[in-house]
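To start, the structure itself, in structure tokens.
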Amino acid sequence: MKQITLYSRHFCGWCLDAKEYLKAHNLAFTEIDVGKDVAANEEMIRLSGQHYVPTIVIDGKVLANFDTGQLEAFLKQIG
């Protein structure tokens, strides 16, 4: 089972889309709201090199500032 972490913000439409996509495909994930957690925001920036959400980390591989089409391609790429 893949370890999936989704860095998001409360009012982010793309973040909501990402959560819905993951749930619809029965992919368990941990969500971290970087708007409420400064340390998590800094960690997200360190991992992705940018400030944008959503950012997703799957088994150490990072995709930042994406839509569901890019997420689907990313999932296929990493297997």
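We count residues from 1, following the sequence as given.
Put simply, CD on Glu42 and NE2 on His51 are 10.0 Å apart, with the number rounded to the nearest 0.5 Å. The line from CG of Asp67 to CH2 of Trp14 is 6.5 Å long, rounded to the nearest 0.5 Å. Separating the CD1 atom in Ile4 from the CD atom in Glu31 is a distance of 13.0 Å, to the nearest 0.5 Å. Considering CG of Leu22 and CG of Leu71, their distance stands at 5.5 Å, rounded to 0.5 Å. With rounding to the nearest 0.5 angstrom, the OG1 atom of Thr68 is 14.5 Å from the NZ atom of Lys19.
Linking Ile, Leu, Val, Met, Phe, Trp and Tyr whenever their side-chain heavy atoms come within less than 4.5 Å puts Tyr21 and Ile56 in one cluster. Note on Val53: it does not cluster hydrophobically with Phe29, by side-chain heavy-atom contacts below 4.5 Å among ILVMFWY residues. Connection of Leu47 to Val34 is established within a shared hydrophobic cluster, with ILVMFWY side chains joined at heavy-atom distances below 4.5 Å, either directly or through further cluster members. No continuous path of ILVMFWY side-chain contacts below 4.5 Å connects Leu75 to Val57, so the two sit in separate hydrophobic clusters. Both Ile78 and Leu27 are members of a single hydrophobic cluster when ILVMFWY side chains are connected at heavy-atom separations under 4.5 Å.
Counting only heavy atoms from C-beta outward, the side chains of Asp33 and Lys36 approach each other to under 4.5 Å. Using a 4.5 Å heavy-atom threshold, the side chains of Glu43 and Tyr7 count as touching. The shortest side-chain heavy-atom distance between Ile32 and Thr5 falls under the 4.5 Å cut-off. A heavy-atom distance below 4.5 Å is found between the side chains of Val62 and Thr55.
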Can Ile58 and Phe74 be said to form a side chain to side chain contact (heavy atoms under 4.5 Å, CB included), step by step?
CA-CA 10 Å; Ile58 302 176; Phe74 180 69; 3.8 Å; yes
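For the residue pair Arg46 / Asn41, no side-chain donor-acceptor distance below 3.5 Å is found, with atom types taken as modelled.
A donor-acceptor pair under 3.5 Å links the side-chain atoms of Asp59 to the main chain of Gln3, judged by distance alone.
Taking both residues in full, the closest heavy atoms of Leu6 and Cys15 are given as CD2-O, 4.3 Å, listed atom of the first, atom of the second, then distance.
Applying the 6.0 Å contact sphere to CD of Gln50 captures more than 12 heavy atoms from other residues, nucleotides or ligands.
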